[in-house]
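Every chain is numbered from 1, with letters handed out A, B, ... down the list of sequences.
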Amino acid sequence: MSIWEYANPKKFMQTSGVLLPWVTALAVLALGVGLIWGFFFTPDADRFGSTVKIIYLHVPAAMMAISAWTMMLVTSLIWLVRRHHVSALAAKAAAPIGLMFTVIGLVTGAIWGQPMWGTWWAWDPRLTAFLILALFYLGYIALWAAVENPDTAADLTSVLAIVGSVFAFLSRYAVLFWNQGLHQGASLSLDEKENVSDVYWLPLVVCIVGFVLLFVTLVLIRTRTEIRSRRLQALLTRERLA
Amino acid sequence: MIALLLRDLRLAIRAGGGFGLGLAFFLLVAVIVPLGVGPEPATLAKIAPGILWVGALLSCLLSLDRIFALDFEDGSLDLLATSPLPMEGAVAIKALAHWLVTGLPLVLAAPVLGVLLNLPVPGYLWLVISLALGTPALSIIGAFGAALTVGLKRGGLLMSLLVLPLYMPTLIFGAEVVKRGAAGMAVATPLALLAAITAGALALLPIASAAALRVNLR
């Protein structure tokens, strides 16, 4: 029993089929609890009023936007090294989801920034780095869409994911150099005594768990769809040849 | 390797090679921007470093598809792949040829366009230095984008989408060098970072480009 067994599409379909309803239910539960708790049962903040509550969408979405790219990087490496098709398809499946998380992060940030900073958009390092991340997602998705042969596409996008990771990382620190920020520091970090105060912290953690589960659910669904469409293609080809 | 370099240079310089088109585009950018922004010298002096770098970047981008596309079509890329020269070396040489034909003329022409854009006097030296250090990175990163999209029929737009995000760190540090140089501030930090990006890209990206080319030639 090793994790590589799930590289077998049949095994993956079986296991993910069993897991999917549970993960979905847990995601709905965590998101429901976290968001309702966060939106309705936390006090308004001193300086920010009720606008503070957008962090329950903003922070988890932003975290998942980066995590999704990391997951694509890992699955791309697995594809390049071990050539498991499920891995490549999972990377392909994760890209649009990651892009959506990036967009949610940017949009909720803009909605929050308008009353608080007085502007929808500022060329703040974090904001800029996120915009660049969105562009990397777009390029990655476009490359998948442009190449016809699925194996070639998987190879090329994997190489792009690796090079893109390095450059996205570089851009993150390059923009720090380029402009000073408006954005506040990290909301959650392990090495600080106090981050956001406790009333906001607990529902936020629940929301983050919910977003992770949501991501897993969506990736499972999309990967299963990709596998099925790949099987369909194979069947159609076989029929044409027969 | 030298034979390959000479061949690429000759092909680029002869009629239809597109030599000078990038330069003409760079000139046009420098002419168009004042027409759009207005002729006030103070405004132009402020945006000149950024415009010159963006212009250099875009004219570099224009000629990228030439690096591999023609050789891919007539099959000479397959011959290169089977030759004793490693693919990484071939990529590096072709990027060097691209730089000699596109990047180097940009470096030499940039001070003239700086006059058009009213670049402050201390900025000229740093403009030339930053472009000389940064444009090789543009060529080698561009070669990676060209290698990814070489097999596609209409890869041009897609290549821009892939390459432009990769250009951002180079652009930021390059323009920062000129901006600080023009304002008379210390430029050592962004200059060192720009050089680091160029050196890193030169060392590592040919490997990724060669991998992409091998996939596309399969």
Exactly one of A/Leu160, A/Leu156, A/Leu138 clears side-chain contact (heavy atoms from CB on, under 4.5 Å) with B/Leu162, and that residue is A/Leu160
Nearest 0.5 Å please: distance from the CE atom of B/Met168 over to the CG atom of A/Leu131. 7.0 Å
Interchain contact, A/Asp151 with chain B, by part (heavy-atom threshold 4.5 Å): both
Given side chains that start at C-beta, do those of [X] and [Y] come closer than 4.5 Å, heavy atoms only?
X	Y	result
B/Leu164	A/Leu135	no
A/Phe167	B/Pro165	no
B/Phe144	A/Val159	yes

With chain B, the option among A/Asn149, A/Thr152, A/Leu80, A/Ile162 that has the most non-hydrogen atom pairs under 4.5 Å is A/Thr152
Does B/Arg218 come within less than 4.0 Å of A/Asp155, counting only side-chain N to carboxylate O? yes
Can you see which heavy atom on A/Leu170 is nearest to which on B/Pro169, and at what distance? CB-CG, 3.9 Å
Minimal non-hydrogen separation, A/Val163 against B/Ala208, with atom names: CG2-CB, 3.7 Å
Measuring heavy-atom distances to chain A, does [X] have an atom under 4.5 Å in its side chain, in its backbone, in both, or in neither?
X	result
B/Arg214	neither
B/Leu148	both
B/Leu158	side chain
B/Ile141	side chain

Winner by heavy-atom pair count (cut-off under 4.5 Å) against chain A, out of B/Leu161, B/Leu193, B/Leu166, B/Thr149: B/Leu166
Evaluate whether atom CG of B/Leu108 has more than 12 neighbouring non-hydrogen atoms of other residues, nucleotides or ligands under 6.0 angstrom away. yes
